[in-house]
Amino acid sequence: MDSEKIRNFCIIAHIDHGKSTLADRILEKTKTVAERDMEQQILDNMDLERERGITIKARAVRLNYTAKDGETYIFNLIDTPGHVDFNYEVSRSLAACEGAILIVDASQGIEAQTLANTYLAIEHDLEVVPVVNKIDLPSAQPEKVCQEVEDVIGIPAMDAPRISAKLGTNVEEVLERIVTDIPAPKADTSAPLKALIFDSYYDSYKGVIIYVRVKDGVVKVGDTIHLMATGAEFTVTETGYMTTDRLVNVGELSAGEVGYISASIKSIGDTQVGDTVTLADNPCAEPLAGYRKVNPMVFSGIYPADGAKYGDLRDALEKLQLNDAALSFEPETSVALGFGFRCGFLGLLHMEIIQERLEREYNLDLITTAPSVIYKVTLTDGTVQYIDNPTNYPDPSVLSMAEEPMVKADILVPSEFVGNIMDLCQDRRGTFKDMQYLDDTRVTLKYELPLNEIVYDFFDALKSRTKGYASFDYELIGYAPSKLVKLDILLNGEIVDALSFIVHTDKAYARARKIAEKLKENIPRQLFEVPIQAAIGGKIIARETVKAMRKDVLAKCYGGDITRKKKLLEKQKEGKKRMRQLGTVEVPQEAFMSVLKLDE
Amino acid sequence: MTGIYIHVPFCAKKCPYCAFFSEQYGRKTVDNYVKAVIRNLQLYQVNDTVDTIYFGGGTPSLLTAGQISDILEACSKYLHLYQPEITFEFNPTGKRNTYLHDIHSAGVNRLSIGTQSFSDSQLKLLGRTHSVNDGIRTVETAFQVGFNNISCDLMLALPEQSELILHETLETLVKLPITHVSAYLLQIEEGTPFSQNQDLLARCLDDDQSADRYLQTVHFLEDAGIHQYEVSSFAKKGFESRHNLKYWKCVDYLGIGAGAHSCYMGKRFYVPEDVSQFCDGEHQTEIILSENPYDREERIMLGLRTVEGVPAELVKSQKIPLFQKAGYLRIGENGNISLTAEGFAVSNAVISAMI
């Protein structure tokens with residue numbers, strides 16, 4: 001294959017600026033998908049992605065495009081997610097490309113994710129091709145937005161294609177720009193094989209399928225490949241490219257191409273996204289740089305509602321992890337919830353998505369504990385521990401210093417809402433760093449915030465205080481000393497480990513009261529009174545009581561018809577299965593979940 | 001000894017809180033229905049002695065006194081009767097002295113009157129067509145024509161039923177010549193007009209108030225010498241309903257009629273709620289619910305509805321001491337465990353915790 005005719009690119013944008021719609025149009029214009037098969041968001045084929053209108057997984061697809069110069073080009077389009085939680089997916093995609101189409105909404109202008117993704121692309125030495133979308137909107141200001149791209153990002157944009165992905169207007173211009181502006185891959189087919197794994201998934205028939213970008217050399221069916229980080233070796237059974245709905249086995253992939261390799265790989269542990277693939281008998285000297293490995297920032301315990309489903313949960317997590325390098329998990333045990341896993345996520349959305357996928361795609365009923373970040377504690381004997389589970393938080397008597405992770409947050413907001421946002425950040429223990437006007441109406445605010453203040457509901461709070469106009473991005477900047485306490489929740493006098501969490505001293509009382517109230521709402525009345533207490537150390541700081549139930553009786557058994565009574569009894573038995581028995585107290589799953597949503 | 005339940009699934013007007021099966025009736029249908037009841041009484045060839053007969057509904061008084069007489073004659077003819085308790089459900093509407101006299105003459109010796117409340121505003125709320133006076137007069141008339149075993153139905157936890165309103169109803173009740181009370185907590189059934197009436201639902205009592213009314217009733221009747229012997233049943237000594245006790249004590253009863261339930265000869269079954277099918281069919285259709293009735297679970301669930309309770313060794317639950325301490329149950333000298341009034345009020349939860 002002539003690598004001069006290859007263009008590897010991705011599309012980056014702030015959420016809702018039209019990334020998936022442009023991808024749809026490109027697929028249509030290049031006749032990759034027949035019009036009759038066209039559906040919206042064709043690359044977002046996960047139900048969840050379509051429902052939420054977001055892209056979670058990166059996806060790669062090959063297209064053919066005959067340009068105005070008469071030549072036919074091969075486009076490898078790699079779709080990327082837009083949400084801040086999924087930055088790592090973006091950076092994986094970028095590593096496989098030479099260029100990125102940057103979409104900016106003609107009415108919204110630059111948003112926090114526009115900046116974040118563009119900087120990521122520039123970091124990866126990609127050619128950035130700006131495109132102004134949604135010119136069909138009455139509020140569109142394409143000239144102003146182009147100027148803004150030049151001023152704020154600093155790349156030439158005055159001749160950027162002005163398009164409407166929705167209506168298909170000027171999409172050809174984008175296709176031409178891909179040919180003219182994005183460089184062909186630098187490829188040396190004669191060098192030893194060097195390919196980057198940028199994604200993988202498990203296929204129940206073929207085993208693990210890895211998506212690669214071949215940088216140098218050639219890989220063919222029958223070759224023995226060597227995965228440099230894990231050391232695993234496999235014989236290639238299939239290799240080729242991806243269409244929107246299937247894999248096309250062409251027998252070989254060469255430098256510059258994007259495609260897949262199937263090699264009867266059984267264990268998901270053997271393939272690590274970011275690893276370099278080479279040939280066993282002719283290895284390359286150095287692995288590729290890969291990309292920044294992402295670390296989970298938010299942790300929570302995930303337990304099967306039915307203890308017998310522990311094995312199923314493990315299998316499901318293993319399968320999801322194959323497609324999601326950022327998901328981490330390890331077994332943990334809770335007195336309250338039994339056997340489960342402590343899982344690490346990139347953020348709250350990531351956590352919600354994993355949870356929903358486990359429940360939908362693997363048909364599991366789950367109980368999730370409150371999300372926690374990783375705290376760094378120094379004990380009086382000088383040892384340093386990282387705590388991702390509140391249960392393991394050390395006793396204050398042996399604690400000499402506690403530190404919590406901090407982030408640098410960039411918030412873009414219309415100037416009229418600056419006051420609201422400052423209040424919010426203040427409330428979330430933020431430190432103001434900087435404020436700049438992007439133009440007359442929009443401001444970027446920079447704050448340092450504790451991560452544990454933004455993992456719960458910061459994004460929602462931002463949106464609700466700005467009529468949905470704020471956008472937000474953050475990155476971890478390290479640890480800072482903090483006054484932290486562990487808050488325990490007691491039911492009927494006994495600590496429920498799954499409900500413990502770590503909180504800043506100043507917020508402990510308010511949080512304790514709220515949790516106690518939430519639990520009271522969610523724990524049904526039982527045959528005995530249930531005291532709910534929140535405690536720091538041994539000291540009770542909040543208390544609520546679920547009164548004993550007084551009425552639960554089926555009065556009438558008419559004419560000897562006992563079926564209703566029997567059904568009721570069956571229902572109660574069934575209901576008990578959804579309850580966790582903690583000592584003498586029965587706690588419904590919802591109670592564990594309710595403490596996750598304190599601000600509703 | 002076996003009990004016979006005869007179901008009369010006809011109502012002149014359906015009460016807005018009722019979810020039980022009943023149909024609009026025509027003269028001809030009722031005639032055919034009675035024939036089918038008599039035919040089935042014959043076809044079953046009941047061998048066991050029968051000591052209770054119960055006419056329930058629906059509205060049994062939509063049958064003529066002659067038809068009641070025909071059915072009871074058939075009972076004498078086809079069953080081995082022994083000092084039967086013959087109960088008849090009766091609604092306090094209109095002046096029906098003759099009717100009461102006639103069914104008494106036909107052999108009915110126990111009357112269960114659907115008084116429900118002795119407050120006119122509460123009766124109106126229930127959509128009942130009778131007044132407090134109708135209720136009082138019906139009880140008195142029944143007593144006068146010779147009934148000496150009279151039960152009244154009461155509904156508890158009605159919307160806006162204050163302690164005072166209920167107290168007045170109970171005071172009126174115990175002055176009447178009655179031997180028995182059935183007191184039911186109102187339950188909002190799905191699909192009934194009540195369940196759709198938001199205004200009414202808003203005025204319903206909460207669980208705590210409902211429990212208060214229930215316990216108020218238990219204590220009031222106890223003081224009046226009408227003792228609780230089952231979750232919803234109260235009687236003067238010796239006047240406990242022999243028929244209803246069969247349900248809780250796992251004794252056979254045979255139900256005849258569309259929608260009637262039975263536990264008879266080793267199986268639980270019911271007859272489809274289809275009047276024309278019942279009338280036209282030779283033998284009534286039996287839909288089997290269970291072929292092993294009276295298992296441990298059933299015996300506990302049903303037995304614990306009575307103050308007599310069940311043997312502790314049958315229950316064998318570790319929770320017994322806990323519930324005893326909380327005042328939900330007691331252990332009798334005979335080794336039986338039984339629920340207290342407070343325990344009855346939460347009996348679903350207590351029983352399901354022990355099974």
Side-chain angles (χ1 to χ4, degrees), chain A residues 305-306 490-494 517 519-532 544-591, chain B residues 3 5 7 20 54 56-58 155-157 182-187 205-212 214-215 231-232 243-244 246-248 253 255 257 259-263 268 270 289-290 293 297-298 301-302 305 319 322-323 326 328 342-353 355:
Chain A
D306 173 1
L490 294 81
L491 292 181
N492 207 18
E494 289 185 31
E517 280 164 24
L519 285 172
K520 187 186 175 183
E521 279 168 34
N522 283 278
I523 295 176
R525 293 171 71 170
Q526 340 219 328
L527 284 165
F528 306 95
E529 185 179 284
V530 180
I532 300 166
E544 292 281 344
T545 305
V546 180
K547 286 193 292 178
M549 83 162 66
R550 302 222 19 234
K551 183 198 149 204
D552 181 16
V553 56
L554 187 63
K556 206 145 179 166
C557 268
Y558 203 83
D561 176 5
I562 67 160
T563 49
R564 286 159 57 85
K565 192 152 173 59
K566 276 191 131 170
K567 266 186 209 147
L568 199 84
L569 211 63
E570 289 304 317
K571 222 172 107 187
Q572 288 194 326
K573 273 199 224 161
E574 206 49 47
K576 271 198 208 311
K577 282 191 200 154
R578 294 188 58 86
M579 298 276 204
R580 290 281 161 167
Q581 185 83 37
L582 305 181
T584 51
V585 185
E586 280 169 353
V587 184
Q589 289 170 37
E590 301 80 63
Chain B
Y5 176 80
H7 192 60
F20 291 105
Y54 195 105
M155 292 195 81
L156 307 179
S182 296
Y184 304 111
L185 285 158
L186 172 70
Q187 198 146 349
L205 304 194
D206 64 24
D207 283 0
D208 290 301
Q209 294 166 322
S210 301
D212 287 342
Y214 178 74
L215 295 175
V231 172
S232 310
H243 183 83
N244 285 347
K246 291 186 196 295
Y247 301 152
W248 323 126
Y253 53 95
H261 280 252
S262 302
C263 189
R268 280 194 188 280
Y270 70 95
L289 290 167
S290 154
E297 213 166 271
E298 267 196 29
M301 168 183 111
L302 299 171
R305 285 187 68 98
K319 298 206 169 125
L322 202 66
F323 290 157
Y328 292 133
E342 285 78 6
F344 281 138
V346 290
S347 51
N348 292 340
V350 173
I351 292 170
S352 67
I355 283 183

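All chains are named by letter (A, B, ...) in the order of the sequence lines, taking the proteins before the strands, and each is independently numbered beginning at 1.
Partners of A/K566 according to the side chain to side chain donor-acceptor pair (under 3.5 Å) rule, which considers only residues two or more places apart in sequence or in another chain, are B/E298.
When atom types are taken as modelled, the side chain of A/Q526 and the backbone of A/P524 share a donor-acceptor pair closer than 3.5 angstrom.
Contacts of A/E570 with chain B are made by side-chain atoms alone, with heavy-atom separations under 4.5 Å and no backbone atom involved. Looking at B/Y253, the atoms closer than 4.5 Å to chain A (heavy atoms on both sides) all sit in the side chain, from C-beta outward. Contact of A/L527 with chain B is made through backbone and side chain together, with heavy-atom distances under 4.5 Å. Residue B/L156 does not touch chain A at all, counting heavy-atom pairs closer than 4.5 Å.
A salt bridge is absent between A/K520 and A/E517: the closest approach of a Lys/Arg side-chain nitrogen to an acidic carboxylate oxygen does not fall below 4.0 angstrom. A salt bridge between A/E574 and A/K567 is absent, with no side-chain N of the basic residue lying under 4.0 Å from a carboxylate O of the acidic one. A salt bridge links A/K547 with B/D208; the closest basic N to acidic carboxylate O contact falls under 4.0 Å.
Chosen from B/V346, B/D207, B/D212, the residue pairing most often with chain A at heavy-atom distances under 4.5 Å is B/V346. Ranked by heavy-atom pairs shorter than 4.5 Å toward chain A, the options B/F344, B/Y270, B/Y214, B/Y328 are led by B/Y328.
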